[in-house]
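Data first, discussion second: the structure below is written as structure tokens.
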Amino acid sequence: MSYIAVTLNHFRALQEWAIQHQADVRLDVATFRVEVRLGAARFALHPQFLNTTEAGLNYSSALSPAATGFIGWLPYRPIRWQLSNDKLDFKGFLRRCGLRVPAIWPADGEIDQDYVLKLPVGSFGQAVFGPYRRGFDASSLPEHQSRSQDRIFAEQFITGRNVKVWFWGGIPFHAHLHAYPTIRGDGVSRIDDLITHKLGSPGGVIPENSDKPWIISSLAYQGWKLADVIPEGEEVWIEYRYGRRYAADPVQARSDSLLSEFSASAGKQIRAAGAALHEELMKQLQVPVLFAVDGVLDSNDQIWWLEANSNPIFPPTGYAPMLASLFEIADSPNGAERPQRTAAVA
């Protein structure tokens, strides 16, 4: 369980901020709404929960039987905006801002790069298929045919490390930087055996309802099949989507943010993306909000931006900059500029 998914880390962050600023913080256990008072000002923070259902994962502001995780408090209820709803609109906007995004083509067009197939809408990594090599005809694949009416498109496939950056009011405060998960050959074991061992799958079989289609595609992209044997010491990556690490995260109270580990060049790219999106959102919302942006950091230290999320899991490290902007307190991290104040929420 990662740092951001540990519920007590959210309580710790609020407690620390309240003690530091002598604020009054109260939790309503009937609604899980938190009220923060500092002097004459007060703000309500609304909870968000992760639900696991037969239809997949989704978020809600109520604790229901389907809730399997807590993802933080925010001073507003879930919101939606077009640049997070539609991946094509997001890429078009950043491209107009001079920021780096992968090339895109119609799914049945002339594709001159390695690529993945994507849907303009969708989250949790479910609306992407592939990757495929340049010249591979994916038109006969089930994912292409079944989605022909959903504006499926092809996107240049960039290999590298997965990037996810969280922003409050356009200012980055938390980041993940993850390499693709790999298996190492021993010269004897089949690939499917190595994968089931990594997944901890009982019976030595990769579950059909798991990430198996993406694992097979990732292997095929590198020229491997499940029955193949990898030479001893050679590594093969088995997934490329953010969040698929297939490794147990330690339960920890210490932040897992890697924001400080980006180079100066990558940091500049991160700040530019956050500033561009914040400026655009202020035209619609007039107040700073939380958002996260996914990307890929390539071997040349260039970030290729993929999509934005308007209601991501809220890392506990975000409470300090968020509350600072709400109460107009100049304690934003790393000396960063404090976002414009958010209007009070009842």
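- Rounding to the nearest 0.5 angstrom, the gap separating the CZ atom in Phe314 from the CG atom in Leu290 is 5.5 Å.
- Sorted pairs that involve residues 308-319 and meet salt bridge (Lys or Arg N to Asp or Glu O under 4.0 Å), not counting sequence neighbours, are lacking altogether.
- Looking at Trp237 and Ser218, their side chains come closer than 4.5 Å, going by heavy atoms from C-beta outward.
- For Ala276, the side chain to side chain contact (heavy atoms under 4.5 Å, CB included) criterion is met by Phe93, Cys97, Leu99, not counting sequence neighbours.
- Checked against the 6.0 Å centroid threshold, Phe136 and Tyr115 do not count as a close aromatic pair.
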### Message
Set out, in order, the CA-CA distance, both residues' side-chain angles and the distance that settles side-chain contact (heavy atoms from CB on, under 4.5 Å) for Ile79 and Arg77, then state yes or no.
### Response
CA-CA 6 Å; Ile79 59 174; Arg77 300 186 189 279; over 6 Å; no

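- With sequence neighbours excluded, no residue forms a salt bridge (Lys or Arg N to Asp or Glu O under 4.0 Å) with Glu232.
- No hydrogens or angles considered: nothing links the side chains of Tyr240 and Asn162 as a donor-acceptor pair under 3.5 Å.
- Applying the salt bridge (Lys or Arg N to Asp or Glu O under 4.0 Å) definition to pairs two or more places apart or across chains, those involving residues 164-173 are Lys164-Asp294.
- Using a 4.5 Å cut-off on side-chain heavy atoms (C-beta onward), Arg244 and Ile215 make no contact.
- Residues passing the ring-ring contact (aromatic ring centres under 6.0 Å, His included) test with Phe49 are Phe32, Phe70, sequence neighbours excluded.
- By the 4.5 Å heavy-atom criterion applied to side chains, Ile303 and Val296 are not counted as neighbours.
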### Message
One pair to check against ring-ring contact (aromatic ring centres under 6.0 Å, His included): His174 and Phe167. What are the steps and the verdict?
### Response
CA-CA 7 Å; His174 199 100; Phe167 300 83; over 10 Å; no

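- Among residues two or more places apart in sequence or in another chain, the salt bridge (Lys or Arg N to Asp or Glu O under 4.0 Å) test is passed with Arg271 by none.
- From Ile238, atom CD1 reaches atom CD of Gln222 across 10.0 Å, with rounding to the nearest 0.5 Å.
- Counted within 6.0 Å of CZ on Arg100, heavy atoms from surrounding residues, nucleotides or ligands total more than 12; the atom is thus considered enclosed.
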### Query
Yes or no on side-chain contact (heavy atoms from CB on, under 4.5 Å) for Ile191 and Leu219, after CA distance, side-chain angles and deciding distance?
CA-CA 9 Å; Ile191 287 178; Leu219 292 171; 3.7 Å; yes

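- Salt bridge status for Asp114 with Arg134: absent, with no side-chain N to carboxylate O gap under 4.0 Å.
- Taking 4.0 Å as the cut-off between side-chain N and carboxylate O, Arg254 and Asp256 do not count as a salt-bridged pair.
- Ile104 belongs to a hydrophobic cluster whose remaining members, ordered by chain and number, are Leu88, Phe153; membership requires side-chain heavy atoms of ILVMFWY residues under 4.5 Å apart, directly or through intermediates.
- Under a 4.0 Å N-O distance rule, the pair Asp211/Arg241 qualifies as a salt bridge.
- Counting heavy atoms from C-beta outward, Met322 and Leu45 have side chains that approach closer than 4.5 Å.
- Remark: side-chain polar atoms of Trp166 are paired, donor with acceptor, to backbone N or O of Ile313 under 3.5 angstrom.
- Remark: Asn9 engages Arg12 in a side chain to side chain donor-acceptor pair (under 3.5 Å) (not counting sequence neighbours).
- Under the side chain to side chain donor-acceptor pair (under 3.5 Å) criterion, Ser263 pairs with Asp301, not counting sequence neighbours.
- A donor atom on one side chain and an acceptor atom on the other are found under 3.5 Å apart for Trp168 and Ser325.
- With sequence neighbours left out, the side chain to side chain donor-acceptor pair (under 3.5 Å) criterion links Tyr242 to His176.
- Between Glu234 and Arg184, no side-chain nitrogen of the basic residue sits less than 4.0 Å from a carboxylate oxygen of the acidic one, so the salt-bridge criterion is not met.
- Checked against side chain to side chain contact (heavy atoms under 4.5 Å, CB included), Gln113 has the following partners two or more places apart in sequence or in another chain: Trp105, Gln156.
- Gln284 is linked by a side chain to side chain contact (heavy atoms under 4.5 Å, CB included) to Trp81, counting only residues two or more places apart in sequence or in another chain.
- The residues Glu155 and Lys87 are annotated as not salt-bridged, no charged nitrogen and carboxylate oxygen being separated by less than 4.0 angstrom.
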